[in-house]
Amino acid sequence: MNLDSILRTEIQQAIQAVFGADTDQFQVQPTNAEFEGSHTLVCFPLTKISKKNPEETAKIVGEYLIANSQLVAAYNVVKGFLNLSLKDSVWVEVFTSLFSQANLGQLPKNGQEIMIEYSSPNTNKPLHLGHLRNNFLGWSVAEIYKACGYKVHKVQIINDRGIHICKSMAAWKLYGNGETPKSSGIKGDHLVGKYYVEFNKVLTEQVKELEAKGIPKEEAEKQAPIMKVAIDMLRKWEYRDDETLQLWKMMNSWVYEGFDTTYKKMGVDFDKLYYESNTFLLGKEQVLTGLENGVFFKKEDGSIWVDLTGDGLDQKVLLRSDGTSVYMTQDIGTAILRFHDYPNINGQVYTVGNEQEYHFKVLFLILQKLGYDWAKRCYHLSYGMVDLPTGKMKSREGTVVDADDLIDEMVAEARKQTLELGKTEGMDDEESGTLFNMIGLGALKFFLLKVDPKKKMLFDPNESIQLQGFTGPFIQYTHARIKAILRKADSLAIKTDAETLKSITSLETSEKALVQLVSGFESKLKEAAKDYSPAVIANYVYELAKTYNQFYQAIPIFTENDNAKLQFRIALSKTVANLIKRSMKILGIDVPERM
RNA sequence: GCACUCGUAGCUCAAUUGAAUAGAGCAUCUGACUACGGAUCAGAAGGUUCGGGGUUUGAAUCCCUGCGAGUGCACCA
């Protein structure tokens with residue numbers, strides 16, 4: 001039973017006692033900082049029951065609580081708002097019970113199981129800024145669910161087959177001269193990406209030539225010699241042509257090697273990988289079964305469709321007239337395979353950009369029509385695009401921010417600023433290297449995660465490398481500073497035992513504010529899970545760090561004469577440090593002992 | 001054209017899902033270490049929440065409408 005719900009119960013009893021109405025339809029919110037108190041009852045809706053004006057209603061409830069509540073010490077009324085101040089002893093009690101809790105911030109196992117997909121790149125080019133938001137988001141949501149007691153499976157679908165990779169293959173075959181990551185020293189995913197760019201360059205030239213001969217653009221794109229090579233490769237791939245498969249395997253393996261390096265740098269991992277080349281056949285089968293069962297229909301040219309006009313959507317192709325599969329086909333196969341592999345999962349989360357909202361609406365409907373009732377428990381975690389100050393990222397215009405480059409720049413900037421501040425004294429190279437990495441990556445992750453996932457966001461490189469204010473490094477700094485205090489407390493052999501803590505009778509305002517925040521962590525965690533939003537955690541941990549800094553600035557710790565108070569402040573600092581570390585870990589960000 | 005999403009300080013973002021004088025950070029200006037770490041803290045300034053109607057005791061939030069932006073509507077992925 002937590003504080004908020006006890007208070008709610010008391011208020012409910014108060015309303016019953018003074019107005020004779022049993023209702024839980026009232027709102028308790030945190031008190032605005034400018035007013036005295038911690039909890040505020042909004043009294044406007046109660047006037048219907050009380051038959052009095054809001055101020056009077058508030059006053060009557062307030063008086064009753066003073067007389068009867070175990071928690072409330074004082075109240076004040078501003079307009080229709082009843083601001084309640086709780087007894088200091090209550091806050092002390094709340095804190096000591098939190099302090100003695102072993103797994104603070106980890107909810108007990110709830111027996112639920114969930115699968116979360118993220119990343120899911122194409123294998124023809126390196127990861128970029130958009131993938132970073134995707135990966136950090138998906139990984140963090142997985143951590144949030146773990147913290148809420150779920151068993152979580154982190155997966156991705158690798159789009160390893162299709163025309164996109166054939167384009168890279170075609171260009172490499174034509175112009176590569178056998179170049180490999182080893183021979184060129186270029187990271188595998190970047191090398192394959194280089195040939196993807198090369199393909200488009202050549203294609204553009206060839207199309208231009210054909211257009212000059214009077215062939216319309218659309219036709220020219222199909223007829224361009226290099227496109228013919230790519231399409232031929234796609235066909236050969238479907239026929240399992242040995243040479244093509246070998247090339248495909250080799251180039252994909254380069255990409256995977258490159259991706260592995262990047263994922264490691266990002267601090268992102270997966271429990272299981274799915275490959276489109278392994279799931280699209282199952283998708284095909286399902287579509288054919290659906291056709292037999294009358295769920296889908298066939299057009300004269302042999303293509304197979306689903307009709308969703310009854311659901312307010314359109315008709316959608318599921319198999320081409322030549323029998324080859326489309327994007328949707330393999331997603332059907334993948335979903336079914338996953339629920340087959342993990343029969344106990346309660347749901348599946350797809351972390352995919354909001355430009356695919358329609359696609360997932362259709363996918364989930366199709367799965368339902370195929371009779372899979374778990375389709376209702378599939379959720380598209382749709383996030384907004386990342387824009388640049390110069391506008392949208394466009395691979396054709398070369399305005400894509402490369403993931404590897406960006407991470408390297410962030411770490412380099414962290415190094416520069418840290419050295420300027422002289423923060424690395426007494427550290428060896430390994431320690432300082434780890435620190436630069438922690439700060440650079442922490443700044444990047446926090447920058448991308450603090451914004452509500454649903455919203456599109458602007459990535460300003462200059463702002464992202466800021467280390468002050470609402471940033472990851474600000475929070476890391478706060479943690480390091482608390483650790484310095486705890487080290488000193490250790491060296492002074494200051495104990496923090498529960499009995500002594502409980503003897504405290506009064507608290508400073510900033511101490512109460514901290515205790516209130518600390519006690520609210522679990523409800524924030526649940527909110528973050530419900531909304532699939534690491535931003536909730538990011539905002540919380542920032543608030544926590546900021547509030548601690550205010551406390552730190554306002555109240556001296558080691559010059560305190562009262563031993564119990566001294567112990568309390570150390571214990572409070574320790575708990576805040578733990579929660580900062582825990583929250584940041586959930587965001588995928590490490591915090592240093594010193595910086 | 002149709003559908004969906006969005007529009008909050010100069011800039012980037014919040015707002016307990018309908019409550020108080022709409023809050024933070026950056027940038028600008030003014031202050032604060034003889035104590036525990038100044039990557040900090042205190043303060044000032046900055047708003048017709050895109051415009052216009054409506055519902056409500058109460059609207060940034062809900063409804064209608066106008067304007068502006070983004071995304072989707074392929075036998076692409």
Side-chain angles (χ1 to χ4, degrees), chain A residues 27-35 40 42-45 47-48 53-54 78-81 83 120 122 124 159 161-165 276 299 301-305 312-314 316-328 330-331 353-359 361 382 384-385 387 389 392 417-418 420-421 423 439 447 450-452 454-460 462-464 466-471 473-478 480-489 520 523-524 527 531 535 539 542-543 545-546 549-559 569-570 573 594-595:
Chain A
Q27 194 184 348
V28 179
Q29 59 188 34
T31 305
N32 285 7
E34 63 206 286
F35 301 114
T40 292
V42 183
C43 293
F44 301 97
T47 53
K48 287 196 184 93
N53 68 42
V78 181
K79 297 187 181 172
F81 297 89
N83 301 321
S120 304
N122 289 347
N124 62 329
N159 302 301
R161 123 210 134 84
I163 191 68
H164 56 275
I165 179 69
E276 185 187 325
K299 286 196 178 172
D301 61 4
S303 57
I304 299 177
W305 295 71
L313 304 176
D314 292 324
K316 189 88 190 168
V317 68
L318 300 177
L319 276 184
R320 296 192 186 99
S321 48
D322 66 359
T324 56
S325 64
V326 295
Y327 186 42
M328 189 63 78
Q330 62 106 0
D331 267 3
N354 62 11
E355 74 271 14
Q356 295 198 35
E357 271 169 15
Y358 184 77
H359 171 80
K361 218 179 262 177
S382 164
M385 331 221 79
D387 291 331
K392 208 174 133 64
Q417 295 197 35
T418 305
E420 271 170 16
L421 290 169
K423 295 281 186 179
I439 296 173
F447 189 86
K450 71 178 178 186
V451 181
D452 182 344
K454 290 196 288 291
K455 297 190 177 169
K456 68 171 163 51
M457 68 175 295
L458 187 92
F459 184 84
D460 186 338
N462 295 325
E463 203 178 315
S464 67
Q466 288 282 343
L467 310 184
Q468 293 93 16
F470 190 4
T471 67
F474 166 86
I475 296 159
Q476 290 172 320
Y477 172 78
T478 305
R481 197 155 70 167
I482 297 174
K483 284 302 195 168
I485 287 175
L486 296 179
R487 282 192 296 272
K488 180 163 178 178
S523 79
K524 282 292 172 190
E527 187 188 332
D531 295 345
N539 279 285
Y542 171 64
E543 187 69 28
K546 205 167 56 147
N549 283 330
Q550 284 160 2
F551 155 80
Y552 174 93
Q553 214 79 28
I555 299 172
I557 295 175
F558 292 106
T559 52
R569 286 169 196 165
I570 297 295
S573 299
R594 50 187 104 221
M595 69 185 272

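Remember, it's a predicted structure, so these values are computed and weren't measured experimentally. So you know, we letter chains A, B, ... as the sequences are listed, proteins then strands, and number each from 1.
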Legend entry - B:rG18: pairing nucleotide in any strand, Watson-Crick or G-U under 3.5 angstrom: none
Inset, instruction - Among B:rA39, B:rU71, B:rC41, find the nucleotide with the atom closest to the side chain of A:Met595. - result: B:rA39
Legend entry - Pairing nucleotide - B:rA74, Watson-Crick or G-U, each distance under 3.5 Å: none
Legend entry - Nucleotide paired to B:rU34 in any strand shown, Watson-Crick or G-U, under 3.5 Å: none
Inset, instruction - Look through every strand shown and name the nucleotide pairing with B:rA69 as Watson-Crick or G-U wobble, where both distances are under 3.5 Å. - result: B:rU5
Inset, instruction - Look through every strand shown and name the nucleotide pairing with B:rU56 as Watson-Crick or G-U wobble, where both distances are under 3.5 Å. - result: none
Inset, instruction - Tell me which nucleotide among B:rA74, B:rG72, B:rA14 gets nearest to the side chain of A:Asp452. - result: B:rA14
Inset, instruction - Choose from B:rA14, B:rA77, B:rA35 the nucleotide whose nearest atom is closest to any side-chain atom of A:Val326. - result: B:rA77
Legend entry - A:Gln466, nearest nucleotide to its side chain (from B:rC13, B:rU71, B:rC26): B:rC26
Legend entry - From B:rA39, B:rG38, B:rC41, nucleotide with atom closest to A:Arg481 side chain: B:rG38
Inset, instruction - With sequence neighbours left out, write down each residue that passes salt bridge (charged side-chain N to carboxylate O under 4.0 Å, His left out) with A:Arg481, or none if nothing qualifies. - result: none
Inset, instruction - Both distances under 3.5 Å, Watson-Crick or G-U wobble: report the partner of B:rC29, or none. - result: B:rG43
Legend entry - Nearest-angstrom distance from the residue atom CZ of A:Arg161 to C1' of B:rA77: 10 Å
Inset, instruction - Assign A:Asp387 to base, sugar-phosphate, or nothing according to its heavy-atom contacts below 4.0 angstrom with the strands shown. - result: nothing
Legend entry - Among B:rU40, B:rA39, B:rC76, the one nearest A:Pro473 by side-chain distance: B:rA39
Inset, instruction - Mark up nucleotides 16-25 of chain B, 5' to 3', with B wherever a protein heavy atom is under 4.0 angstrom from a base atom, S wherever such an atom reaches only the sugar-phosphate, and - elsewhere. - result: BB-BBB--SS
Inset, instruction - Name the closest nucleotide to the A:Tyr552 side chain, picking from B:rA77, B:rU40, B:rC36. - result: B:rC36
Inset, instruction - Write down the distance separating the C1' atoms in B:rG70 and B:rC33, rounded off to the nearest Å. - result: 49 Å
Legend entry - Assigned partner base of B:rC13, Watson-Crick or wobble definition, under 3.5 Å: B:rG23
Legend entry - Derivation of the side chain to side chain contact (heavy atoms under 4.5 Å, CB included) call for A:Asn122 and A:Ile165: CA-CA 8 Å; A:Asn122 289 347; A:Ile165 179 69; over 6 Å; no
Inset, instruction - Look at the side chain of A:Tyr327 and decide which nucleotide, out of B:rA77, B:rA14, B:rA39, has an atom nearest to it. - result: B:rA77
